[in-house]
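Just the heavy atoms: all of them, side chains too, but no hydrogens, waters or symmetry mates, feed the values below.
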Amino acid sequence: MKHIKYIGVDDLDIDLFESQYVVPEGMSYNSYLIEDDRIAVMDTADRRKADEWMTGLATALDGRQPDYLVAHHMEPDHASLIADALKAWPEMKLVCSAQTAKMLPNFFDNFPFEERIHIVKEGDTLCLGSHTLHFIAAPMVHWPEVIMSYESTEKVLFSADGFGKFGALCNETDDWACEARRYYFNICGKYGAQVQSVLKKAATLNIQTICPLHGPVLEGEAMAEAIRLYDIWSRYEPESEGVLVAYASIHGGTAKAAERLGELLREKGAPKVVVSDLSRDDMAEVIEDAFRYPRIVVAAASYDADVFPPMHDFLHHLQIKNYQKRRFGIVENGSWAPCAGRIMREMIGSMKDCTIVEPLVTIRSRMNAADEQQLALLADAMLA
């Protein structure tokens, strides 16, 4: 990018992104500077990195005065420093959607935004000189106020949270998809229809570079692969053949049954089997795998006339992420009154286009020979 400069920052001290997603490789808060007759700052950063971002922006400006601050997304990890920047450069205008303008008082008390705001909508443009920004409405990707912008000279899409990933840029690897997948399904996964709408708009543009608000700038084959995966993910289609076995076990009996089922699936030719312990494994990773594969078996103990809470939490996560188009198997455990299967069946029943295969396997405390035969039948049914 000839006249577009990266001015974002890495956060290596954060432990939980959005207070729920583990980020051992940190996070990047991306923003960019477009240098032309008029200068545009593209988003800010999280307040955790306020001093570093403000200093970096001042250094990049080198005494020049910015004309515009474009706010694509009001989430605090990108917009916390809007007021700071507007105070530091009093002539700078804030470019944003009407919905963003309504949200500003929620985050910045008593700041006089009124005379500083330039509202844009779908189809509007902003000329900077030889560069022109074309604005694209992207509501619910993944907040309602989101806009994206396309710079038509250098053919760059500023994609807000779209095409983002977990991880600081200083820790970036060649495997974009792994942490981008976990990011997508946990952050944007509910809103596949809205992502599809934006992809259709993007398909009409000659995009050479994607600049997201998290993760690396995407170009060439990496960009093409990211778009391909986003199309699969946002249509709720499985990405890879395989089976996820997700279990929630209290005293180990359910765990042994789940592990044995995993062995049976492999013996019967499943190309990939992932067995996950919902009490210990990262929930976001298991959600990622649930969307990645077309088949899933849930195995859980009964608990308080319901289902063991880690399984309830997992299925609730799937419900609120609009999980759909998958094939389920169920294994329940209960020493005297098994009920986990009924609860899991009800929760799965609320998910669109999800099929439950038989048999529903019931274990009483510990797996026996008859139970193993039922698990073998379930494995056959899952792979049919």
Side-chain angles (χ1 to χ4, degrees), residues 1 3-36 38-96 100-101 103-113 115-118 128 143 145-147 149 158-161 164-172 179 183 187 211-217:
M1 298 182 293
H3 297 286
I4 301 175
K5 181 182 295 184
Y6 179 83
I7 54 168
V9 292
D10 277 346
D11 186 349
L12 298 176
D13 299 320
I14 187 171
D15 59 342
L16 291 176
F17 181 69
E18 293 190 353
S19 296
Q20 59 179 317
Y21 304 115
V22 295
V23 283
E25 301 301 323
M27 283 298 295
S28 68
Y29 310 124
N30 297 346
S31 60
Y32 308 87
L33 188 71
I34 303 178
E35 301 174 307
D36 205 324
R38 286 168 292 281
I39 297 173
V41 180
M42 311 299 276
D43 299 290
T44 68
D46 194 284
R47 181 155 296 282
R48 294 167 55 88
K49 306 299 287 186
D51 291 345
E52 184 177 342
W53 185 81
M54 291 289 289
T55 299
L57 174 56
T59 300
L61 289 168
D62 193 23
R64 296 169 297 176
Q65 297 299 306
D67 298 275
Y68 303 108
L69 170 58
V70 180
H72 292 100
H73 182 22
M74 266 304 296
E75 202 166 8
D77 52 323
H78 309 299
S80 289
L81 306 179
I82 286 176
D84 300 60
L86 293 177
K87 289 175 185 176
W89 290 279
E91 301 303 314
M92 183 166 61
K93 294 283 189 180
L94 177 64
V95 180
C96 64
T100 290
M103 286 185 178
L104 286 167
N106 299 345
F107 295 95
F108 305 101
D109 191 27
N110 297 321
F111 188 87
F113 284 106
E115 297 181 1
R116 307 285 297 276
I117 293 178
H118 176 68
L128 305 176
W143 277 22
E145 87 300 352
V146 173
I147 56 173
S149 60
F158 295 93
S159 61
D161 267 350
K165 69 182 287 289
F166 296 123
L169 293 187
C170 65
N171 291 324
E172 187 59 31
E179 284 293 66
Y183 178 92
I187 303 294
C211 289
L213 286 177
H214 297 294
V217 169

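The side-chain heavy atoms of Lys49 and Leu81, taken from C-beta on, include no pair separated by under 4.5 Å. At least one side-chain heavy atom of Ser149 sits less than 4.5 Å from a side-chain heavy atom of Met42. Looking at Val70 and Asp43, their side chains never come closer than 4.5 Å, going by heavy atoms from C-beta outward. Counting only heavy atoms from C-beta outward, the side chains of Ile147 and Cys96 never approach each other to under 4.5 Å. No side-chain heavy atom of Val23 sits under 4.5 Å from any side-chain heavy atom of Leu16. Taking the side chain as every heavy atom from C-beta outward, Pro212 and Asp161 never approach each other to under 4.5 Å. Side chains of Phe166 and Val22 form no contact here, defined as non-hydrogen atoms less than 4.5 Å apart.
Legend: side-chain hydrogen bond (donor to acceptor under 3.5 Å, both in side chains) pairs involving residues 55-68, not counting sequence neighbours, sorted by first then second residue: Glu35-Arg64. Counting only residues at least two apart or on different chains, the salt bridge (Lys or Arg N to Asp or Glu O under 4.0 Å) pairs with a member in residues 9-18 are Asp11-Arg48. The list of side-chain hydrogen bond (donor to acceptor under 3.5 Å, both in side chains) pairs with a residue in residues 81-90, not counting sequence neighbours, reads Arg47-Asp84.
A pairwise comparison of heavy atoms in Met54 and Ala88 identifies CE-CB, 3.8 Å as the closest pair. When all heavy atoms of Leu169 and Pro216 are compared, the closest pair comes out as CD2-N, 3.5 Å.
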Run the side chain to side chain contact (heavy atoms under 4.5 Å, CB included) check on Ile82 and Phe108 step by step: do they pass? CA-CA 9 Å; Ile82 286 176; Phe108 305 101; 4.0 Å; yes
Between Leu33 and Tyr6, is the side chain to side chain contact (heavy atoms under 4.5 Å, CB included) condition met? List the steps. CA-CA 6 Å; Leu33 188 71; Tyr6 179 83; over 6 Å; no
Show, in sequence, the C-alpha distance, side-chain angles and deciding distance for Asp46 and Met27, and conclude whether the side chain to side chain contact (heavy atoms under 4.5 Å, CB included) test is met. CA-CA 10 Å; Asp46 194 284; Met27 283 298 295; over 6 Å; no
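With sequence neighbours excluded, no residue forms a ring pair (Phe, Tyr, Trp, His ring centres under 6.0 Å) with His72. Scored by the side chain to side chain donor-acceptor pair (under 3.5 Å) test, Asp77 finds His214 as partners (sequence neighbours excluded). Qualifying side chain to side chain contact (heavy atoms under 4.5 Å, CB included) partners for Pro105, counting only residues two or more places apart in sequence or in other chains: none.
Separating the CG atom in Leu94 from the OG1 atom in Thr100 is a distance of 8.0 Å, to the nearest 0.5 Å. A distance of 16.0 Å separates CZ of Arg38 from CE of Met92, quoted to the nearest 0.5 Å. Between the CG atom in Leu128 and the NE2 atom in His3 there is a gap of 12.0 Å [rounded to 0.5 Å]. Atom CD1 in Ile7 sits 10.5 Å away from atom CG in Asn30 (nearest 0.5 Å). Interatomic distance, Asn171 CG to Glu25 CD, rounded to the nearest 0.5 Å: 4.5 Å. Summarising the geometry, atom CE belonging to Met1 is positioned 4.0 Å from atom SG belonging to Cys211; distances are rounded to the nearest 0.5 Å.
Atom CD of Glu91 sits in a sparse spot, with 12 or fewer heavy atoms from other residues, nucleotides or ligands closer than 6.0 Å.
A donor-acceptor contact closer than 3.5 angstrom is absent between the side chains of Thr44 and Trp53.
Between His73 and the choices Trp143, Tyr29, Phe158, the ring pair (Phe, Tyr, Trp, His ring centres under 6.0 Å) rule is met once, by Trp143.
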